[in-house]
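Some notes on the structure that comes next.
In this text the structure is predicted, and so the values were computed from the model without any measurement. What's counted below: heavy atoms across the whole structure, side chains too, no hydrogens, waters or symmetry copies. As the structure lists them, so they are numbered: ligands from 1, and atoms in each ligand from 1.
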Amino acid sequence: MLNIKITNNHPPKPKPAGPLGFGRIFTDHMFLMDYTEGQGWHDARIVPYADLTLSPSCMVFHYGQEMFEGLKAYKSADGAVYLFRPDKNGERTNATNDRICIPQIPVEDFVQAVSTLVNLDADWVPTEPGTSLYIRPFIIATEPFLGVAPSKNFLFVIIMSPSGMYYAEGLKPVGIWVEDEYVRAVRGGVGFAKTGGNYAASMAAQQKAQKEGYAQVLWLDGVERKYVEEVGAMNIFFKIGGKVVTPALNGSILPGITRDSVLTLCRDWGLDVEERAISIDELVAAQKSGALEEVFGTGTAAVITPVGRLRYQDDVMTIADGGTGPLATRLYETVTGIQRGEIADTYGWRIRV
Ligand code: PLP
Ligand code: COI
C-alpha cells in the first residue's frame with residue numbers, strides 16, 4: 001500500500017468548454033513516484049500538473065527505455081466514477097517492464113495510484129456521450145548516463161485527459177490500409193510490450209496511410225508479411241462465415257484488454273470464436289466470396305471501431321456496405337454499457353473509485 005502525499009492545485013484550472021478531441025487537455029493533478037536502485041519505489045505523490053525537469057543526459061532520451069499504459073474513467077448518470085479492469089493494465093505494465101528492464105510495480109499499488117488520482121480529479125470526468133477521462137500512466141528511465149544499460153533510476157507518472165472519440169470519424173466506420181512494406185514488430189522483439197519505440201516505428205506507415213485517406217494501418221507479420229497482426233492503436237477482429245476470428249497472441253501483438261473482454265463476451269453469447277493465424281489472402285478471398293461479414297478494431301481509446309474499408313495493394317474491400325455491422329454494434333453497446341454503469345457487470349470488470 002502506497003503512502004501518497006497530496007498537494008492540491010490552487011486555484012483549480014477552468015474546465016474545458018467545447019469539443020474535447022483526444023489527449024490535448026489535462027486535469028489539475030498528476031501522480032509521481034521515483035525509483036532508486038537499492039531503495040525501490042519511493043515518494044509517491046500527487047502534485048499540480050506541471051512540466052517535468054529532467055537532465056538532457058537522462059537515459060530515456062537516448063535509448064527509449066520507457067513504457068506507457070492507457071485506461072479510462074467513466075461517470076454514470078448518478079455521478080459514480082468507474083474504472084474498467086485497471087488490474088489488467090497493472091499486469092501488462094509489469095509484462096512490459098520485464099521485457100525492457102524496468103522494475104516491477106505491485107499491481108495493487110498501480111491501481112491505488114490510478115484510483116487516488118481519479119478520485120481527486122473526479123470532476124474532470126466528462127459525461128457527454130462518447131467521452132471519458134483518458135488515463136495515461138508511464139515510466140521513464142531518468143539516470144543521467146550515456147552508456148547502454150538499464151537505468152538505475154526511474155520516474156512513474158500518471159496524467160489524465162478528458163477526451164472524446166479517438167478517430168476523427170467518431171462512431172462512423174474507418175478506412176484501414178494494409179501495410180505490406182513496413183513492419184511493426186517481430187517475434188522475440190517488443191511487439192507485445194507497450195513501449196514508445198513500437199509507436200515511433202509505426203509513424204512512417206501511418207503517415208503514408210493517412211496521405212491515401214486511411215485512418216490507420218493494419219500490420220502484417222514481420223517475417224512473411226502474410227498474416228494480419230493488429231492495427232496502429234487497436235486489435236483487429238473479423239466475422240467470417242458466421243465465426244468471430246482474431247489473430248492469436250504470438251508475441252508480436254499487444255494483448256489488448258478490450259480484445260480479451262470482447263472474446264469473453266462473444267464466447268458467452270454462444271458465438272463460434274477462433275484465435276488463430278489469419279492470412280491476408282484468406283481475407284481477400286472471404287471478401288470476394290461474400291463471407292467477410294464484419295471487421296472491427298478494439299482498444300481503450302478506440303473502444304469498438306468498425307472498419308468500413310480495407311485497402312490491400314490495389315484491392316479496396318468494402319465491408320458491411322461501409323456501415324457498422326450488428327456484432328460491432330452489440331459489442332459497442334455492451335462494453336460501453338458495462339464501463340458506464342448502465343448495464344449489469346457480471347464479470348467484476350467495473351471498479352468504483
Ligand atoms: N494494439 C495497440 C498497438 C494499441 O496501442 C492498443 C491500445 O492500447 C491496443 C492494441 C488495444 O489494447 P487495449 O484494449 O488494452 O487498450
Ligand atoms: C489506448 O488505447 O490506450 C492506446 O494506448 C492507444 C493509443 C492512443 C496509442
Side-chain angles (χ1 to χ4, degrees), residues 20-26 66-74 83-96 99 110 114 130-139 158-168 174 176 179 182-186 189-203 205-206 209 215-222 228-237 246-266 275 296-305 307 328 331-332 334-336 338-339 349:
L20 294 171
F22 180 87
R24 294 199 186 273
I25 299 160
F26 298 94
E66 88 93 44
M67 67 78 52
F68 71 92
E69 268 300 329
L71 66 164
K72 285 175 170 173
Y74 311 84
L83 297 170
F84 184 71
R85 309 186 77 185
D87 50 315
K88 292 284 160 203
N89 297 91
E91 287 169 17
R92 192 168 61 190
T93 292
N94 285 327
T96 299
R99 179 65 181 81
F110 177 96
V114 169
T131 65
S132 56
L133 184 66
Y134 186 75
I135 305 163
R136 170 54 58 86
F138 63 99
I139 303 173
I158 309 174
I159 55 174
M160 306 197 296
S161 173
S163 291
M165 298 292 180
Y166 186 66
Y167 294 107
V174 294
I176 299 284
E179 176 57 43
Y182 297 110
V183 298
R184 173 183 179 273
V186 289
V190 294
F192 69 88
K194 212 157 164 62
T195 181
N198 281 333
Y199 297 80
S202 76
M203 287 174 191
Q206 163 91 4
Q216 283 198 349
V217 305
L218 173 61
W219 297 106
L220 299 176
D221 75 276
V228 299
E229 297 232 307
E230 63 181 320
V231 177
M234 54 189 192
N235 295 109
I236 191 85
F237 281 76
T246 192
L249 299 179
N250 58 3
S252 56
I253 297 173
L254 192 81
I257 296 159
T258 322
R259 174 188 182 279
D260 181 75
S261 310
V262 161
L263 285 171
T264 301
L265 288 169
C266 287
E275 292 176 75
F296 56 89
T298 66
T300 299
V303 197
I304 310 289
T305 296
V307 176
L331 284 165
Y332 181 85
T334 308
V335 169
T336 58
I338 293 174
Q339 288 169 336
W349 287 343

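- Using a 30° and 60° split on the angle between ring planes, Phe22 and Tyr166 fall in the perpendicular class, above 60°.
- Of all protein heavy atoms, the one closest to atom 16 (O) of ligand 1 is Thr300 OG1, 2.6 Å.
- In terms of polar-atom proximity, defined here as any N/O pair under 3.5 Å, Tyr134 does make such a contact with ligand 2.
- The distance from ligand 1 to the heavy atoms of Gly299 drops below 4.0 Å at these ligand atoms: 11 (C), 14 (O), 16 (O).
- For atom 7 (C) of ligand 1, the closest non-hydrogen atom on the protein side is Lys194 NZ, 3.4 Å.
- Between Arg184 and ligand 1, no pair of N/O atoms sits closer than 3.5 Å.
- Interface atoms of ligand 1 facing Gly256, defined by a heavy-atom separation under 4.0 Å, are 12 (O), 13 (P), 14 (O), 15 (O).
- The atoms of ligand 1 that sit less than 4.0 Å from any heavy atom of Thr298 are 11 (C).
- The shell of residues lying under 4.0 angstrom from ligand 2, judged by heavy atoms, includes Lys194.
- Between Gly299, Gly70, Ala233, Ala302, it is Ala233 that holds the heavy atom closest to atom 6 (C) of ligand 2.
- Of all protein heavy atoms, the one closest to atom 14 (O) of ligand 1 is Thr258 OG1, 2.6 Å.
- Below 4.0 Å from some heavy atom of Tyr199 lie the following atoms of ligand 1, by number and element: 2 (C), 3 (C), 4 (C), 5 (O).
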Practice prompt. Output, in order, the C-alpha distance, side-chain angles, deciding distance and verdict of side chain to side chain contact (heavy atoms under 4.5 Å, CB included) for Thr264 and Trp349.
Written response: CA-CA 12 Å; Thr264 301; Trp349 287 343; 3.9 Å; yes
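- Proximity to Arg92 (heavy-atom distance under 4.0 Å) selects the following atoms of ligand 1: 12 (O), 13 (P), 15 (O).
- Salt bridge absent: Arg259 and Glu230 never bring a charged side-chain N and a carboxylate O closer than 4.0 Å.
- Distances from atom 3 (C) of ligand 1 to the heavy atoms of Gly70, Ser261, Ser202, Gly232 put Gly232 nearest.
- Ligand 2 does not have Met234 within reach: every non-hydrogen atom of the residue lies 4.0 Å or more from it.
- Nearest to atom 2 (C) of ligand 1 among the protein's heavy atoms is Glu230 OE1, 3.3 Å.
- Among protein heavy atoms, atom 2 (O) of ligand 2 sits closest to Ala301 N, 2.8 Å.
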